[in-house]
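One structure is given below, encoded as C-alpha cells.
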Amino acid sequence: MSDYVKLPVGKRRGARTEVLRPVEGSGVEHFEPVLLKYVEYENSHTLDFYTSHGGYDAAKKAIADYKPDDLIDFVKSSGLRGRGGAGFPAGLKWSFVPKESAKPKYLAVNADESEPGTFKDRSIIEYDPHQLLEGIIICCYAVGIHTAYIYIRGEFVFGARALEEAIEEAYAGGYLGKNIMGTGFDLDVTVHRGAGAYICGEETGLLSSLEGNRGNPKIKPPFPAVEGLFRSPTVVNNVETLANLPHIINNGIDWYKGMGTDASPGSKIFCLSGHMKHMGLVEVPLGMSLTTMIEAYGGGMIDDLKLKAVIPGGSSAPVLAACDCEVPLCFDACRDAGTMLGSGGVIAMHENTCMVNALWNLLRFYAHESCGQCTPCREGTGWIEKIVARIERGQGRMADLQLLLDICDEMCGRTICVLADAAAFPTRSFIKCFREEFEAHIEAGCCPINEVRAEAMATA
Amino acid sequence: MQLTEDRQKRYEWLLTRYPEKKAALLPVLRLIEDQEGEISDDGMALAAELCDVPPSHVMGVVTFYTHYRRAGTGKYMVQVCATLPCALRGAGAVYEQLVDRLGIEAGETTTDGKFTLRKVECLASCGTAPCVQINDDYHENLTSEKLDQILDGLKS
C-alpha cells in the first residue's frame, strides 16, 4: 500500500459534460473518440475499468520496448503537438531537457484549464484519470523524470479528489512508486491544487505557483526545459497532450498520422459553448472545418438564429466573422486565417449578440487576471477595458477605436508572458471584424442592440 | 492555532513530496482553510511557520489568488461565473436572481454570515453553462428553478 494521504475535500461530482455526436442529417460520419472513448461509461475513473480496457499496456510496452531516447524520437516522429494552446511539438520539447543533469528533472502537468471556453481536460481528469497517469508514466520514462506534479486549478475540487483517488489506486496497484510494474523505473506523482489565477496556466506562472509563490511568470530564457521547477530541468505538458501518448504507443505512428492533417496529426478535443444548440465536447481528427463543427455537432444556433461570430480556440484567439468560418481546425490553417487553434474552445455567438459587450466581457477577464508585473499589461488591460466599457455605455468617441489599436500595439511583445498579447488579439480582431458595430455605438450614444441582447441573455 | 492530528499527518506527508518546504505553502493553506473554514491572520502566521517563510510572503500569496476563503467569508461562498461563454447563456440572469434572493451584491456577505456572493472568471464549465460554484461544488446547467432549489437546500 502507498503512504498516500487523502485530500480532505471534494464530495460532489460535477455535471458530466456531454460528448456530442453529429446531428442527424448533417452528413458527417461519427468519429469514434480516442481520448474521450470511455468518459461517459459508469466507473470509467477506476483502475479496474481502466485495466480491463487495456489500460497501462502502453506504459508497459514503452518501458519494455524502447530506450528513453528512442521513445523521444518515436513521439517526435508521431508529430504530436501540444494541446494546451501553442501547438509546440511534444517530442521536440522533451528533447530540450538535458540528458545528463546533476539536478533532478521534473514533469509539471498543466491541468489549470483556465482559458475561457475550454473544458476538455476536466472530463479526462474526472472520468478517465488513469489515461492521464499512463501518459505521465510514458513521458517521465522518456525524459528520465522521477517526480511529477499535476497542477490543477483550485476550483476543480472534485477533479483534484478524482486524481488523488486514481493516484492512490495506481500506487496500490504498482503503477506508481518504486519499481513500477516491475520495470525498475521509479515515479512519484503528486496533485498540486492552484487557488484561482488564470496566469497559473502560463507555464512559468504555473511553476512559480508550484514553488509556493505568487503565480508570476518568469522571463524566458531560461526555458523550463533547462531551468524550470526548483531551478531544475522541467517538462510542462498539457493534460490532453499526455493523454494522447498511450494511444500512440499502442497503435503506432502510422495510425496516429492517419488522423488529422500532415502538420497537425491526431484527433483533438474541441469544446463547444456559447449560442450553439448543443454544447459539449467533440473529439474529431484535426482539420474539420469550423462551420461543419458548428453545424454538425453544435446543431447551429439556438432559436435557429444566424451565426454571427466565432472564437475558435479559447478567449485569447482572435474572433472570426461568420463568413470566415470555413477555416479547417488545425494549427497552421487557423494561424494562416489570422486566428489560432489554441485550446480548442469554440465559442459561437448568434446574430443578436452585441460584439462590443462581448469584447468588454473578455477584457474584464484579462484586466482581472493580469498578474501586474509588467506595466504594459497591468495598465494596458485595465485601460482598454475601460475604453470598451465606455463605448458600450454610449460614451465613446470615434478616436477611441484608434486609441484601442495603439494601446494594443504597445502591449504586444513587451511583457514577460503573453497575457497582454492575449488581451490585444481579441481587441484587434473584434474591431477589425465588427468595426461598424463599434461605430454604431459611438454614433448612437448607446448600445443599439442592448435590448435584444438583454432579452436573448435572459431567455438563453 | 495548530493543525489537527490528521491534518498534521497530511502536512508531514506533504513535506516528503517537495524538495523545498516553501512549495508546500499552497496545500498547507488549503489544510488551514479546511480546518478553520477561512484563512485568518493567525492562519497565515501558522502557514508561515509550517513552510518556513516570512508571514509577508504568505500574505502576498494569499492575496494573489482569488479562491482562498479570507476571514469574514460567509458559510456559503457563492461564485457566479460571469465570463463570456456563461454570459452568453444567461449568467447575467443568474447573478440578478442571486442579488434579489440574497439581498447583496458581488463582494458582499449577508448580515447573518450565511452567504458571500462573488462574480468570478471562467470556471471551465462553459459546456454546462451557466454555472455557479458554491463552496466546493459546481452547480451547472442552471435554470431559475434549479437555482432556487439549490439555495433552499442550503442550511444556515
Side-chain angles (χ1 to χ4, degrees), chain A residues 3-5 8-12 14-15 17-18 104 113-119 122 153-158 188 190 192-198 209-215 230 271-275 279-281 315 345 347 349 353 358 361-362 364-365 368-369 371 454 457-460, chain B residues 6-7 9-10 12-14 16-27 29-31 34-35 51 53 57 60-68 79 82-93 96 120-131 133 135-141:
Chain A
D3 55 353
Y4 218 88
V5 181
V9 289
K11 297 140 203 115
R12 186 182 170 276
T17 307
E18 198 180 342
E113 187 133 87
S114 42
E115 179 77 11
T118 315
F119 47 92
R122 191 179 150 200
R153 60 179 298 174
E155 291 84 351
F156 283 178
V157 185
F158 176 76
D188 281 313
T190 305
H192 187 98
R193 287 182 66 207
Y198 170 67
S209 182
L210 244 169
E211 290 169 345
N213 298 315
R214 295 160 72 90
F230 308 121
C271 318
L272 305 194
S273 69
H275 284 147
M279 296 189 290
L281 296 169
S315 65
I347 309 168
M349 290 168 267
T353 315
N361 184 299
L362 291 178
R364 284 201 299 267
F365 173 82
H368 181 260
E369 298 297 342
C371 83
M457 276 176 63
T459 55
Chain B
D6 56 332
R7 291 186 181 85
K9 199 175 151 215
R10 168 92 182 174
E12 284 161 13
W13 173 82
L14 278 170
T16 68
R17 306 304 284 186
Y18 303 95
E20 295 173 2
K21 253 187 173 177
K22 190 173 79 171
L25 179 56
L26 268 66
L29 284 167
R30 289 294 189 187
L31 283 179
D34 177 63
Q35 175 176 314
C51 297
V53 290
H57 178 81
V61 166
V62 170
T63 51
F64 181 85
Y65 299 96
T66 55
H67 200 249
Y68 290 121
Q79 308 198 94
T83 313
L84 187 62
C86 272
L88 295 171
R89 303 296 288 211
E96 290 304 327
V120 295
E121 299 299 346
C122 189
L123 291 170
S125 174
C126 325
T128 44
C131 173
Q133 183 172 26
N135 292 347
D136 288 350
D137 300 334
Y138 273 43
H139 301 276
E140 300 161 83
N141 297 315

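What's counted below: heavy atoms across the whole structure, side chains too, no hydrogens, waters or symmetry copies.
Considering only heavy-atom pairs separated by less than 4.5 Å from chain A, the leading option among B:L14, B:L123, B:V120, B:T63 is B:L123. In terms of non-hydrogen atom pairs under 4.5 Å with chain B, the most contact-rich of A:L281, A:N361, A:L362 is A:N361. Between chain A and the residues B:V53, B:L84, B:L29, B:V62, the most heavy-atom pairs under 4.5 angstrom are made by B:L84. Top candidate by heavy-atom pairs under 4.5 Å with chain A, chosen from B:H67, B:Q133, B:Q79, B:H57, is B:H67. If you tally non-hydrogen atom pairs under 4.5 Å between each of A:G280, A:C271, A:S114, A:S209 and chain B, the highest count goes to A:S209. Listed options A:S315, A:G215, A:A358 were ranked by heavy-atom pairs under 4.5 angstrom with chain B; first place goes to A:G215. If you tally non-hydrogen atom pairs under 4.5 Å between each of A:A197, A:P116, A:G345 and chain B, the highest count goes to A:P116.
Using a 4.5 Å cut-off on side-chain heavy atoms (C-beta onward), A:R122 and B:S125 make contact. Side-chain atoms of B:Y65 and B:L26, non-hydrogen and from C-beta on, do get closer than 4.5 Å to each other. No side-chain heavy atom of A:R214 sits less than 4.5 Å from a side-chain heavy atom of A:C371. Contact check for B:T83 versus A:R364: no side-chain heavy atoms found under the 4.5 Å cut-off.
Interface remark: A:E369 contributes side-chain atoms only to the contact with chain B (heavy atom separation under 4.5 Å). Both the backbone and the side chain of A:L210 come within contact range of chain B, each with at least one heavy atom under 4.5 Å from a heavy atom of that chain. With a 4.5 angstrom heavy-atom cutoff, B:A24 does not touch chain A via any of its atoms.
A salt bridge is defined here as a Lys NZ or Arg NE, NH1 or NH2 lying under 4.0 Å from an Asp or Glu carboxylate O, and A:E155 with A:R153 meets this definition.
Every side chain to side chain contact (heavy atoms under 4.5 Å, CB included) that A:S273 has, sequence neighbours left out, goes to A:F119, A:I347, B:P85, B:C126. Considering only residues two or more places apart in sequence or on other chains, B:Y18 meets the ring pair (Phe, Tyr, Trp, His ring centres under 6.0 Å) condition with A:Y149, A:H192.
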